[in-house]
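Report on the following structure.
All values reported here derive from a predicted model rather than from experimental measurement.
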Amino acid sequence: MQYLADGLRLPTNGLDYTILAIYFVVVLGIGFAARASVKTSLDFFLSGRSLPAWVTGLAFVAANLGATEILGMAATGAQYGVAVVHWYWIGAIPAMVFLGLVMMPFYYRSKVRSVPEFLLQRFDKSAHLLSSALFAFAAILIAGVNLYALSIVVEALLGWPQWVAIVVAGLFVLAYITVGGLSSAIYNEVLQFFVILAALIPLVVLGLKRVGGWGALSDNLESAHGHNYLTAWGGTGIGQANPLGANWLTIILGLGFVLSFGYWTTNFAEVQRALSAKNLSAAQRTPLIAAFPKMFIVFLVMIPGLVAAALVPKIGTPGSDLTYNDAIPYLMQELLPNGVLGIAVTGLLAAFMAGMAANVSSFNTVFTYDIWAKYVRKDRPDAYYLRFGRLITAVGVLASIGTAFIASSFSNIMGYLQTLFSFFNVPMFVVFVIGMFWKRASMKSGVWGLLAGTTAAMLNYFWIYKQGVISIPTDQGANFVSAIVGFAAGALVMVVVTLFTEPKPEAELAGLVYGTTAPGLEEPPGDGDDAWYRRPALLGWGAVVLAALCYLPYSL
């Protein structure tokens, strides 16, 4: 099991603990204040679709500011250098804009309460049940990442036993979500967004001051790691070497298209925030509002990683006591005075709690609406599902504690999360995008596309990459390739299955496919049935070419 370095202990005092205690009191206070608005299951799971765009927009970006963003992206910056900007400017912003402008009208107008429920309307029960099960499983795994990261940080920095950190954090998340539902989670995420900024900004400023400014930092890192470490695209030509271990083709296709769009457009932990908005306009503006801070947050996590790499030249190598995940905690220990240290510790805890709360709240919605109410206990009173939602929230937190230990085998938790996204989000995205843009896609193609995409991504990672069938330099490069392979396999299988099975009746596709009209709504923009993206032969051949391209660079 990989922990943070044993020598990382923060000199916290009473002031720091007071700041931390005040934060926890405020978090619980928001949860109890939100309780008054929870009258129905829709209030509990989707805030009654009543929240303004600025609230859902900040919650949208804060829900992503978990272990991925803080420890994971700083670790990625320390390991790969400036190439970490790809996860933001290529791997987030375009997909967030696409979600707001193109996909949110489908989600919001169809009145679905979850992302898998859209697949029930577009395909059939088999696709719906499989996607619900896959998402629920992935949500618990990702929530476990946040709990694991939180526990090892608290143990290393504050000296608390790991089990105490897990139990305390889990109970607080459980308390405010169970009491106040999604509204509590969202309003706490807005608070956590500003607390996280207050934690990261001092690290950036004091870190740059310690190394002598950006110029001195650049000179130090270039001499130690080479010029490509300080450029986003340097060395990414096919056949060239670079710190990331990926070429421009796999970065653009794997991260910029498949992984990015797969995460931001189908991950219910994010989409749920937009679905809680008060109207379609607010729902569409939610990811667009979130995109503005997202563009600049990269600097708040990248620079601390670079500073840590400069101060500890061997960080993450066998010759160092520090792993890449130690970048942020190490700088907190070295740079922050008491008071500011308390804010930083609070910010870290807020980040992990936000990430965990986002996944637990999406898990309880999907499990209640899409599994329990659809297939186990149908047609019960609304009060029954409200009570069950609170119960399954507790189950989700307990399960997250168990999955936290799976994350411990990865020295860079960002790599672990990207692996999970390639397995679960990417296959769901290919089913969504083909179902939304190709009216002929049959009911049975959805479930087979999900199965093929997930299986192909796992085979690529565990067999082709891990067994060395094809040499891929890094875990991140392998994740990009797995995502492309999963997308291509899912698309190809959907096309083949569609050619041999019956399509869904056209009357049932109104408002679910681009170019069709939902009852009572004006005609959306779209092309006719002869549009290029509706041609099955082109889709099938495109998937084959995409799969071949992702392996070609590694065989040259």
- Taking the side chain as every heavy atom from C-beta outward, state whether Val366 and Val115 have any atom pair closer than 4.5 Å. no
- Query: For Trp448, does the CH2 atom have more than 12 heavy-atom neighbours from other residues, nucleotides or ligands under 6.0 Å away?
  - Reply: no
- Task: Output the distance between atom CE (Met443) and atom OG1 (Thr498), rounded to the nearest 0.5 Å.
- Result: 11.0 Å
- Do the ring planes of Phe432 and Phe118 sit parallel (below 30°), tilted (30 to 60°) or perpendicular (above 60°)? parallel
- Any donor-acceptor pair under 3.5 Å linking the side chain of Asn425 with the backbone of Met428? no
- Message: Can you confirm whether more than 12 heavy atoms, excluding those of Tyr375, are under 6.0 Å from its OH atom?
- Response: yes
- Take Met73 and Tyr88 through the side-chain contact (heavy atoms from CB on, under 4.5 Å) test and state the conclusion after the steps. CA-CA 10 Å; Met73 284 301 182; Tyr88 292 77; 3.3 Å; yes
- Note on the structure: Ala456 and Gly486 have their tightest heavy-atom pair at CB-CA, 4.3 Å
- Task: For the residue pair Phe292 and Val61, establish whether any side-chain heavy-atom pair is separated by less than 4.5 Å.
- Result: no
- Do side-chain atoms of Lys504 reach the backbone of Asp124 as a donor and acceptor pair under 3.5 angstrom? no
- Ignoring hydrogens and angles, state whether a donor on the side chain of Ser361 or Arg273 is under 3.5 Å from an acceptor on the partner side chain. yes
- Query: Side chains of Ser442 and Glu502: does their closest heavy-atom pair fall under 4.5 Å?
  - Reply: no
- Taking every non-hydrogen atom, the tightest pair across Gly57 and Ala290: O-CB, 3.4 Å
- Task: Using modelled atom types only, decide if a donor and an acceptor are shared between the side chain of His86 and the backbone of Gly91 within a distance under 3.5 Å.
- Result: no
- Evaluate the side-chain proximity of Leu120 to Lys125: yes if any heavy-atom separation is below 4.5 Å, no if none is. yes
- Task: Heavy atoms only: give me the nearest Val493-Ala452 pair and the separation to one decimal.
- Result: CG2-CB, 3.4 Å
- Message: Testing the 3.5 Å rule here: is there a donor-acceptor pair between the side chains of Asn364 and Thr393?
- Response: yes
- Closest non-hydrogen contact found for Ser131 with Leu450 is CB-CD1, 3.8 Å
- Minimal heavy-atom distance between Val85 and Met302, with the atoms involved, is CG1-SD, 3.8 Å
- What is the distance from atom OG of Ser445 to atom CH2 of Trp438, rounded to the nearest 0.5 Å? 7.0 Å
- Check the pair Thr265 / Phe429 against side-chain contact (heavy atoms from CB on, under 4.5 Å), numbers first and verdict last. CA-CA 7 Å; Thr265 65; Phe429 171 63; 3.3 Å; yes
- Query: Under 3.5 Å, is there a donor-acceptor pair between the side chain of Thr403 and the main chain of Ile140?
  - Reply: yes
- For Gly446 against Val431, the heavy-atom pair lying closest together: O-CG2, 3.6 Å
- Message: Does either side chain, that of Ser482 or that of Ser422, offer a donor lying less than 3.5 Å from an acceptor on the other one?
- Response: no
- Message: Please check: side-chain N/O of Arg122 versus main-chain N/O of Leu512, any donor-acceptor pairing under 3.5 Å?
- Response: no
- Task: Output the distance between atom CG (Leu391) and atom OH (Tyr385), rounded to the nearest 0.5 Å.
- Result: 14.0 Å
- Message: Surrounding CZ of Phe98 (heavy atoms of other residues, nucleotides or ligands, distance under 6.0 Å), is the total greater than 12?
- Response: yes
- Task: State whether a side-chain donor-acceptor pair under 3.5 Å links Tyr263 with Glu270.
- Result: yes
- Query: Do the ring planes of Phe363 and Phe367 sit parallel (below 30°), tilted (30 to 60°) or perpendicular (above 60°)?
  - Reply: tilted
- Message: So Leu306 and Tyr229, do their side chains get closer than 4.5 Å, heavy atoms only?
- Response: yes
- Item | Mutual orientation of the aromatic rings belonging to Trp264 and Phe60 [parallel < 30°, tilted 30-60°, perpendicular > 60°] | parallel
- Query: So do Pro293 and Met295 actually touch side chain to side chain, heavy atoms under 4.5 Å?
  - Reply: no
- Item | Side chain Tyr108, main chain Ala277, donor-acceptor under 3.5 Å | yes
- Query: Under 3.5 Å, side chain of Thr454 to main-chain N/O of Leu451, donor-acceptor pair present?
  - Reply: no
- Other residues, nucleotides, ligands: >12 heavy atoms within 6.0 Å of Lys444 NZ: no
- Distance in Å, Thr419 OG1 paired with Asn479 CG, rounded so as to fall on 0.5 Å steps: 3.5 Å
- Query: Measuring from Phe135:CZ to Ile371:CD1, what's the distance to the nearest 0.5 Å?
  - Reply: 10.5 Å
- Message: To the closest 0.5 Å, what do you measure between CD1 (Ile289) and OG1 (Thr56)?
- Response: 6.0 Å
- Message: Parallel, tilted or perpendicular: which one describes the rings of Trp87 and Tyr80, with boundaries at 30° and 60°?
- Response: parallel
- Item | Contact check, side chains of Tyr107 and Val271, non-hydrogen atoms, under 4.5 Å | yes
- Query: Any side-chain heavy atom of Leu288 within less than 4.5 Å of one from Gln284?
  - Reply: no
